[in-house]
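Position 1 is the first residue of the sequence; numbering continues from there. Note that ligands are numbered from 1 as they come in the structure, with each ligand's atoms numbered from 1 the same way. From a predicted model like this one, the values you see are computed outputs, not experimental measurements.
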Amino acid sequence: MGRILEINLTDRTVTTYDTPRHLLETVLGGRGLGVALLQKYVKALCQDRVVQAFDPENPLIFSAGPFTRTGWPAATQFHVTAVSPLTRGLGGGFAWGSFGQSLSRLGLDAIVFTGASERPVYVVLSESGESVRFEGAEDLLGLSSSGVQSTLCGRHGDVSIACTGPAADKRSYLAAIMSEHHAVVRTGLGAVMGSKNLKAIVIPRKSMLAGPSGFKDLEVEMASKVASHPASVRLRQYGKSILVKSKNQVGDLPTRNHQEGSFEHASNLDAEAVAKYTGSLVPCPACPVACIRETVVPSGKYKCRVVGLEYEPIAALGPRIGNGNLELLAYAFFLCQEYGLDPIGVGGVIAFAMECAQRGILDPGDIGAGDGGSGNDFGSIWGNDRVILGLIHAIGKSEGLGRILGRGSLEAAWEVGGGAVYYAMQSKGVELSGQEPRQSKAFGLSLAVSNWGADWGYGLPTIDVAHNEAAAKILMPELLPDVLNVVDQKYKPELVVFSENYNAVCDSLGLCKYSAPETYAVMPSDIARGLSLLFGQEVSVDDVMKAGERIICLERLFNAERGFSRSDDTLPSRFSREPLRVTLFEGDRLKGLRSTGKSVEVVIDLDPMLDRYYELRGWDKNGRPAGVRCPRT
Ligand code: SF4
């Protein structure tokens, strides 16, 4: 069991206290600990006042799960929690790499930042994790995120770093927290860090700690299981861009702001296309999956080197904005990383602006399309390089239209007017990630009910879209075969509840999603064995899943206390009003899909799924856990 480090940035006081054991036994760590601490600090610091994202009282919490301390395979994930400027309620995000491992191996379960510094600072943790040095960060303002990290590595040697880029200096709501080539991208947590004048956190790198007796054997068994899982083999071979082809075939590749579900230029962006630009593998420390790779555009006007060009940034900066040029896409992603921006959010707001221009709500000249744009093969708006790169620079610098778009499409739509809100593809203020809710009903529901907005990483109901029959036979045999029918709504609330719970457990332990809730290489029974050894008492599969349920409920309670209800669990009305024609396929998306030759028109009917979802959760018809006090935000 570790400690919690509390850093008050206003008066620079630092305190540590032991993490209560009962807290770890009930919410595990990582994401679960994050929301529990958010509740505690908001209540203590604000009493009955509703804290806003940029208030100094908004606690910014970095937490790591107990498995990141050990050699458990792919236990590389850390979590960040705060009130979000986009959702105005819970903000959450995660990233992989060494930062969470270093935090945890320093004996810390979490760092809680309260207050706000008068001057820009970064903090350096001591070798013991007990003391903190505050350093001036004026010279880091305006530097690219890679510039900030290389400067700090030059000063402090072998360290793990979480920092912000220029977008956070300007308080863009799309600002991310960067760590190596990974990033906590969703819900604007970089902007919260910026509002505290906190530029970076520097932690000494530490090697793994031995777990309790028997844990090492389990680590070895799990490493072999994860490494040999068919999904891991494909991820190692192609990276996460492997999803582009199959999602395009089935109509689950959001195109031109969700006007379509398949993209005519998808073959320019799929795994085979990306492989032509692939450099070396850049895996997270000691991960047997090793899915991360560098992408190199060796020459030309889009010359760049990026790491982590995987499905979500490809979907957001490719089909979503009508861009079929992979070199342009890589360069757009490079700019997002250097500004420290959420590429999913950036793709979402650019797509919104492009559709507003297409519909005459904005003038094409307003978005930079007036003069055409060089290298643009796809019309004057969609895929226009001048528009894409111009808007990324504008968002990163918070200039002109970029300042408005940097607050997310919902707030931008209110400012633009003229019916623009219909084209804002968001939920709870967060741009939709790369799933098509009409085709993938479970993901549609998951994006709507997510407590931190429309993020793929919140619920991750993949068993149907991956046609993972093997996992379904073990975990939900009573729902087979209907649950595997992606476009059918039957049993999707059941699938979402299960997936949310398991995903919350893995987030809380620090397990990368690609080893567990995405692929089910690691099963709940494996987690129960690990926790039994860690806690020194029998933990059942039921206990594991109950912990996940508890974490989701805590997150729901936090938002409910701020006035969130059923009307916030929603999706853009496009998905219920505009039918999407999709082709039906059979088989496993990793092994290859077979067309049935049939096609259907699909919409999503959210209300019956919400009713069933709330019933399964034991919440009332308004989506609120019973008995909660609910003042309006
Ligand atoms: S699966 Fe990929 S993202 Fe996850 S820990 Fe391994 S290398 Fe990192």
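One distance of note links CG of Asp252 with CG of Leu243; it measures 9.5 Å at 0.5 Å rounding.
Around atom 6 (Fe) of ligand 1, the protein contributes the following N, O or S atoms under 2.8 Å, ordered by chain and number: Cys287 SG.
Applying the side-chain contact (heavy atoms from CB on, under 4.5 Å) rule to Leu475 yields the partners Ile463, Ala471, Phe498, Tyr520, Met523, Pro524; only residues at least two apart in sequence or on another chain are considered. Partners of Asp464 under the side-chain contact (heavy atoms from CB on, under 4.5 Å) rule, at least two apart in sequence or in another chain, are Ala442, Val486, Lys492, Leu495. Residues passing the side-chain contact (heavy atoms from CB on, under 4.5 Å) test with Ala351 are Asn257, Arg320, Ile321, Trp382, sequence neighbours excluded.
Both the sub-6.0 Å distance and the 45° axial angle are not jointly satisfied by Lys245 relative to the ring of Tyr238.
The distance between the ring centers of Tyr311 and Trp456 does not fall below 6.0 angstrom.
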